[in-house]
Amino acid sequence: MKKKTWKSLILTLAVALLATGCSSGGTDGSGKKEEQQDSNETNSQITIQMAKRTFPDIAPDPKDLWMWQEYEKMTDVKVDWMAIPDSTLAEKKNLMMSSGDYPEAFFGSMGFSIDEVVKYGSQGIFQPLEELIEQHAPNLTALFAQYPEVKKAITAPDGHIYSLPYVDSSIMDASLRYYINNNWLTNLGIAPPQTLDEFTAMLKEFRDKDANGNGDPNDEYPLAYPGNITMFEQQLFGSFGMGNGGLQGAGQWIYKDTDNEVKLIFTDEKYREVWKYMAMLWSEKLMHPETFTKLEYGNWVAAGAKDQVGVFSWVAPGYIGDKMVESYVGVHALQGPGGQMLNWLDNPARGLASFIITDKNKNPEQTIKWVDYWYGEEGSIFGFFGKEGVTYNIVDGKPKYIDEIANYEGGQQLGAFQYVDNVYGGYYPYLEPNADMRREVKGVTILDELRQTPEDAEKYATGERWPQFMPTANESSETIPILTDINQYISESRVKFITGDWDINGAQWDDYIKTLERMGASRYLEIKKTQYERYSSS
């Protein structure tokens with residue numbers, strides 16, 4: 001989104017809402033009511049059933065959320081929300097699709113893979129959207145013109161668009177950093193590391209020198225990740241020469257090498273070097289002892305609050321607790337044997353299955369108009385910030401959340417989540433507002449919140465940021481069983497190699513490669529190369 005002043009944006013929104021309040025029928029191309037052109041027309045509200053992931057423990061039900069109540073007043077559309085708690089999402093989604101008891105539309109992240117989108121699209125269960133977009137979605141049409149890579153990402157090989165994306169052009173919000181305890185750096189007189197060797201040396205000092213200064217040299221965890229260590233592993237790809245392709249490349253186990261060839265990650269000698277490095281960290285006791293037995297998030301946050309966590313990775317340091325944000329400094333990428341690249345960096349088209357219209361939908365034109373609003377500037381502002389005088393006020397020319405949000409016990413993000421949807425959970429069918437504006441409303445800057453600036457992120461960004469490549473139905477039928485076996489085997493092998501149960505320098509590595517080949521590694525690479533070539537030429 002082009003950066004504009006808040007004054008001009010609020011004026012645009014206020015005028016639009018005023019016009020909406022005076023209108024009496026019909027909808028325009030943005031899904032909002034337009035003035036009645038024909039005195040004989042009547043305003044008849046339609047109802048659309050939509051399934052949506054919810055977080056009932058921390059936010060109101062969709063039907064009770066202020067944003068959706070307000071948007072219903074602005075449109076001729078009533079949404080019959082099918083609220084599905086996040087904890088039961090996968091089970092419920094699979095049951096709906098297997099039984100045929102699915103709604104008219106799916107809103108937000110519902111757990112559909114790209115393979116499933118193409119599968120159900122080819123079966124006619126998910127409606128093709130490209131003609132609807134062309135005729136009834138001016139905001140999406142403009143977005144595709146501004147970001148052609150977004151349209152490429154969601155277009156299936158058969159030429160159809162079966163789902164809509166979540167779009168974020170902010171490089172900082174689409175990337176991951178190493179967050180390093182700045183208090184420990186200060187206590188030990190160490191500068192933030194720029195190379196992998198400096199990073200390793202720093203971790204050893206964290207281990208040995210009572211980094212938190214509490215008199216106990218044994219209560220620090222130099223490197224601690226809750227849940228899954230693969231995020232750290234993927235970050236390392238950029239230091240070992242496997243970064244080009246970005247986050248979604250790594251997620252598909254492929255990268256583009258310096259010879260411009262697309263190659264597999266999990267059979268590459270460079271991947272072996274990544275695991276060797278991680279095995280060294282483990283043997284040196286630089287990783288949390290529960291790394292491979294699943295360190296629980298609550299226990300990790302508690303350790304962070306006690307100043308016991310040296311390094312972790314996330315988009316923002318607030319993940320370890322809002323009170324700890326200023327304790328950490330971000331490092332985008334580390335120079336290693338294969339270079340210095342910000343590998344954990346997503347394509348602007350994120351969450352490719354963020355809105356789907358099914359064959360049960362009786363009003364597809366009105367539905368596409370309804371969702372198109374959120375891809376325009378006005379909907380982008382409304383969906384994240386809400387409405388002036390209700391959820392925020394303009395103070396000294398800048399927005400500030402109302403006290404009820406700003407002082408919310410769980411933090412401003414959850415405070416806003418009591419009013420608007422697009423601030424928690426992610427992957428809504430929606431264009432994110434400008435990155436600076438997202439911080440202004442909370443009274444902070446990008447540097448305050450992310451503890452780093454975008455300059456180095458842009459400097460070390462990957463040459464290519466691929467989306468997930470859209471498959472054909474036949475390709476999916478091959479890759480799904482191959483990846484199911486391969487991913488399970490890699491997960492088991494990772495633990496064994498890094499913890500030393502298997503010798504990564506000996507014959508067991510050769511056995512690992514041979515097993516992957518038997519599982520279909522070469523065929524998987526062949527399909528991925530085909531998909532890359534198809535994507536590149538579209």
Side-chain angles (χ1 to χ4, degrees), residues 31 46-65 67-68 71-72 77-130 132-133 154 156 158 160-166 349-372 374 421-422 424-430 468 470-477 479-481 483-484 487:
I46 65 167
T47 299
I48 302 171
Q49 186 188 47
M50 292 189 198
K52 181 186 186 303
R53 177 177 62 152
T54 61
F55 302 87
D57 294 339
I58 56 175
D61 190 273
K63 65 180 173 54
D64 300 321
L65 193 71
M67 185 180 90
W68 294 124
Y71 192 46
E72 183 176 326
V77 176
K78 176 180 176 58
V79 176
D80 177 14
W81 291 108
M82 182 186 294
I84 303 175
D86 181 65
S87 60
T88 63
L89 182 66
E91 177 186 356
K92 182 65 175 178
K93 184 262 291 185
N94 291 336
L95 179 60
M96 283 191 293
M97 299 313 297
S98 62
S99 67
D101 187 20
Y102 50 83
E104 293 180 272
F106 291 100
F107 179 94
S109 175
M110 292 292 296
F112 286 107
S113 68
I114 293 303
D115 295 291
E116 288 176 314
V117 168
V118 171
K119 169 188 170 183
Y120 293 126
S122 64
Q123 292 175 356
I125 294 173
F126 293 169
Q127 291 194 36
L129 306 177
E130 63 279 356
L132 290 170
I133 292 170
I154 61 174
D158 62 9
H160 291 310
I161 294 173
Y162 296 113
S163 61
L164 300 180
Y166 160 68
R350 309 179 69 194
L352 302 187
S354 292
F355 192 80
I356 294 163
I357 299 176
T358 74
D359 58 351
K360 294 186 178 182
N361 194 296
K362 298 177 288 294
N363 300 282
E365 294 86 0
Q366 288 90 338
T367 304
I368 203 74
K369 290 178 182 179
W370 182 93
V371 75
D372 183 64
W374 304 105
D421 229 348
N422 300 355
Y424 186 93
Y427 300 115
Y428 294 101
Y430 158 78
Q468 290 178 282
M470 280 282 188
T472 65
N474 287 338
E475 287 169 349
S476 291
S477 68
T479 58
I480 289 175
L483 269 188
T484 298
N487 283 332

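In this chain, numbering begins with 1 at the start of the sequence shown. Computed from heavy atoms alone, side chains included, the values below leave out hydrogens, waters and symmetry copies.
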#### Entry: Intermediate values then yes/no, side-chain contact (heavy atoms from CB on, under 4.5 Å), Phe355 and Met50
CA-CA 10 Å; Phe355 192 80; Met50 292 189 198; 4.0 Å; yes
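- Results of the side-chain contact (heavy atoms from CB on, under 4.5 Å) test with Asn363 over Thr47, Ile368, Ile46, Ile357 single out Ile46 as the only residue that passes.
- Note that NZ of Lys52 is 10.0 Å distant from OG of Ser109, once rounded to the nearest 0.5 Å.
- Taking the side chain as every heavy atom from C-beta outward, Lys119 and Ser113 never approach each other to under 4.5 Å.
- Between atom CG of residue Asp421 and atom OH of residue Tyr428 there is a gap of 4.0 Å, rounded to the nearest 0.5 Å.
- Enclosure of atom CD in Glu91 is not indicated, since only 12 or fewer non-hydrogen atoms of other residues, nucleotides or ligands lie within 6.0 angstrom.
- The line from CE of Met110 to CE of Met82 is 8.5 Å long, rounded to the nearest 0.5 Å.
- Under the ring-ring contact (aromatic ring centres under 6.0 Å, His included) test applied with Phe112, the options Tyr102, Phe126, Tyr162 reduce to a single match, Phe126.
- In terms of heavy atoms, Asn94 sits closest to Glu116 at OD1-OE2, 4.4 Å.
- One distance of note links CG of Leu132 with CD of Glu365; it measures 6.0 Å at 0.5 Å rounding.
- Note that OG1 of Thr358 and CE of Met97 are 8.0 Å apart. Values are rounded to the nearest 0.5 Å.
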### Query
Under the side-chain contact (heavy atoms from CB on, under 4.5 Å) criterion, do Asn422 and Met67 qualify, and how do the steps go?
CA-CA 10 Å; Asn422 300 355; Met67 185 180 90; 4.3 Å; yes
### Task
Any chance you could lay out the side-chain contact (heavy atoms from CB on, under 4.5 Å) test for Asp158 and Val118, step after step, and finish with the verdict?
CA-CA 9 Å; Asp158 62 9; Val118 171; 6.0 Å; no
#### Entry: Worked verdict on Thr54 versus Asp61 for side-chain contact (heavy atoms from CB on, under 4.5 Å)
CA-CA 7 Å; Thr54 61; Asp61 190 273; 5.6 Å; no
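- Side-chain contact, Tyr120 with Asp359: no donor N or O sits under 3.5 Å from an acceptor N or O.
- Considering every non-hydrogen atom in both Val117 and Ser163, the closest pair reads CG1-OG, 3.8 Å.
- For the pairing with Phe107, the ring-ring contact (aromatic ring centres under 6.0 Å, His included) check across Tyr430, Trp68, Tyr427, Trp374 returns one residue only, Trp68.
- Pro60 is linked by a side chain to side chain contact (heavy atoms under 4.5 Å, CB included) to Asp64, Leu65, Gln418, counting only residues two or more places apart in sequence or in another chain.
- Side-chain atoms of Val79 and Tyr71, non-hydrogen and from C-beta on, never get closer than 4.5 Å to each other.
- Among pairs with a residue in residues 77-86, those fulfilling side-chain hydrogen bond (donor to acceptor under 3.5 Å, both in side chains) read Arg53-Asp86, at least two apart in sequence or across chains.
- Here the shortest heavy-atom pairing between Ser476 and Pro481 reads O-CD, 4.1 Å.
- When side chains are defined from C-beta on, Gln468 counts as touching Leu352, because their heavy atoms get closer than 4.5 Å.
- Heavy-atom minimum distance, His160 versus Pro128: ND1-CB, 3.6 Å.
- The minimum heavy-atom distance linking Lys92 with Ile84 is given by the pair CG-CD1, 3.6 Å.
- With rounding to the nearest 0.5 Å, the separation of CE in Met470 from CD1 in Ile154 is 7.0 Å.
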